[in-house]
Engineer: 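This is the structure I want to talk about, given as structure tokens.
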Number of protein chains: 2
Amino acid sequence: MSTRDTGTEQLIKDTAKHLFFAEGKLHATTQEIADAAGVNRTLVNYYFRSRDILFDQVFTEAQEGFSSTLDEVFRSSMPFKEKIRNLIHVFIDETTKYPYRQLFIITEMNRHVVFTAKKSRAKEVKIFLAEIQAEMDQGNVRQMEPKQFIMNLFALMAYPLITAPLHQALFGMNDDEYAKLMEERKELIFETIFR
Amino acid sequence: MSTRDTGTEQLIKDTAKHLFFAEGKLHATTQEIADAAGVNRTLVNYYFRSRDILFDQVFTEAQEGFSSTLDEVFRSSMPFKEKIRNLIHVFIDETTKYPYRQLFIITEMNRHVVFTAKKSRAKEVKIFLAEIQAEMDQGNVRQMEPKQFIMNLFALMAYPLITAPLHQALFGMNDDEYAKLMEERKELIFETIFR
DNA sequence: CTTTTGTTTAACAATTTTGTTAAACTCAAA
DNA sequence: TTTGAGTTTAACAAAATTGTTAAACAAAAG
């Protein structure tokens, strides 16, 4: 027995995630991943057998990471407003670390048209939609299709982070200035959502 | 004299754009582009010399297309609210056709870190920001950093289109149902922006 | 009709990227 | 210390992608 487990397998995977999700290098080759991880490229094949398998694993874990961020909110039993406030903080902090994760998911979905339908998360969404509807009926949120409410919320959170390079160029801002803008957004989004 | 101009050069470029911007095939090879255009791959090299040059051209035209969509709004002299209403329709219709154009721009920006700073569009933006500030001072829009207003606006418009596959999976909707949701959004965004 | 110029193609070459093999290495356990 | 399983490496092979060349083709100009 033993499996020395030097952490190399995890290192490679984490490095790949960093390149894909944090740096937005969606085209990264196995060589680039190995270099960034400071290991020999052969290890990528040793641990993952093929590039595709590594991609699949990263893709799956990206979906799971994204989903579990949402579940944390969907399943919580806080009052609605607190739940949303919590989501905004968690989601923005997470997306600041991994701004390109959603892009990676979408890009990969468009490559192999196959396994688009993973664990559907349909039940949790349905419950959350009903909860939103209830809040609207109580007059706490402006009346609209609850799906639109969800899209508004995630749009306001995610888009400025996904498109950060574009906006920084447009506004002529550096990283720190932009980060400050994002921090201020947390409260702004809350107010926008609840009018 | 002559240049027979069979339109093949334009066909290749348009096909590339369609693959990149409409289908989200951000990794498409020259062979895939040629196949989709129904021409021999050698033509890609004949007309564009190299893959990179084709990419650069497409990238530049993507930026220009995106910018000119905005300029149409920035430079217009309509009343503010009408200007925004117009933008929402133009931008959503455009982004519905080319949902992945912004993703392509960002992805390419992250590849060759070089030419990030193109024509800066700084002047137009500054004018638009001032205009927003004026509207806020008049009480027509809730007070906030004008940059946040712009980001809110574009977030609400673009994000649900960029992430359409994700949301369709999440909500269990087909293309038509989702398109209907997007159409309804136009008015909703207008109301959300102007509280 | 012939020439000219631009277009298209097939065959080939070079490069890049990926996958495989066998041998060297490392550390824990016997 | 020797064994042995897992780890790492270099060298090699295969595949995929890109780039080049020369020749065939098509249409307008002379």
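Below, chains carry the letters A, B, ... as their sequence lines are ordered, and counting in each starts from 1.
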Engineer: Tell me: CZ of B:F48 to C1' of C:dT8, nearest whole Å?
Structural biologist: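 Answer to the nearest Å: 15 Å.
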Engineer: Please list all pairs meeting side-chain hydrogen bond (donor to acceptor under 3.5 Å, both in side chains) that have one or both residues in residues 151-163 of chain A, counting only residues at least two apart or in different chains.
Structural biologist: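 Sorted pair list: A:N152-B:R185, A:Y159-B:Q102, A:T163-A:H167.
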Engineer: Return the set of residues passing ring-ring contact (aromatic ring centres under 6.0 Å, His included) with A:Y178 (not counting sequence neighbours), or none when no residue passes.
Structural biologist: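 So A:Y178 forms no ring-ring contact (aromatic ring centres under 6.0 Å, His included) with any residue.
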Engineer: With B:F48, which residues qualify under ring-ring contact (aromatic ring centres under 6.0 Å, His included), at least two apart?
Structural biologist: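 B:F48 satisfies ring-ring contact (aromatic ring centres under 6.0 Å, His included) with no residue once adjacent residues are dropped.
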Engineer: Got a sec, which residues hit salt bridge (charged side-chain N to carboxylate O under 4.0 Å, His left out) with B:E61, two or more places apart in sequence or on another chain?
Structural biologist: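 Once residues adjacent in sequence are excluded, the partners of B:E61 under the salt bridge (charged side-chain N to carboxylate O under 4.0 Å, His left out) criterion are B:K13, B:K17.
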Engineer: Who are the salt bridge (charged side-chain N to carboxylate O under 4.0 Å, His left out) partners of B:E131, not counting sequence neighbours?
Structural biologist: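 If we apply the salt bridge (charged side-chain N to carboxylate O under 4.0 Å, His left out) test to B:E131, skipping adjacent residues, the hits are B:K83.
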Engineer: Rounded to the nearest angstrom, tell me the gap between atom OH in A:Y47 and atom C1' in C:dG19.
Structural biologist: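 Roughly 17 Å, once rounded to whole Å.
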Engineer: Determine, for nucleotides 9-23 of chain D in 5'-to-3' order, which nucleotides have protein heavy atoms under 4.0 Å from the base (write B), from only the sugar-phosphate (write S), or from neither (write -).
Structural biologist: BB------SBBBB--
Engineer: Measure from CG on B:L11 to C1' on C:dT8 and round the result to the nearest Å.
Structural biologist: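 Spelled out: CG on B:L11 to C1' on C:dT8 is 13 Å.
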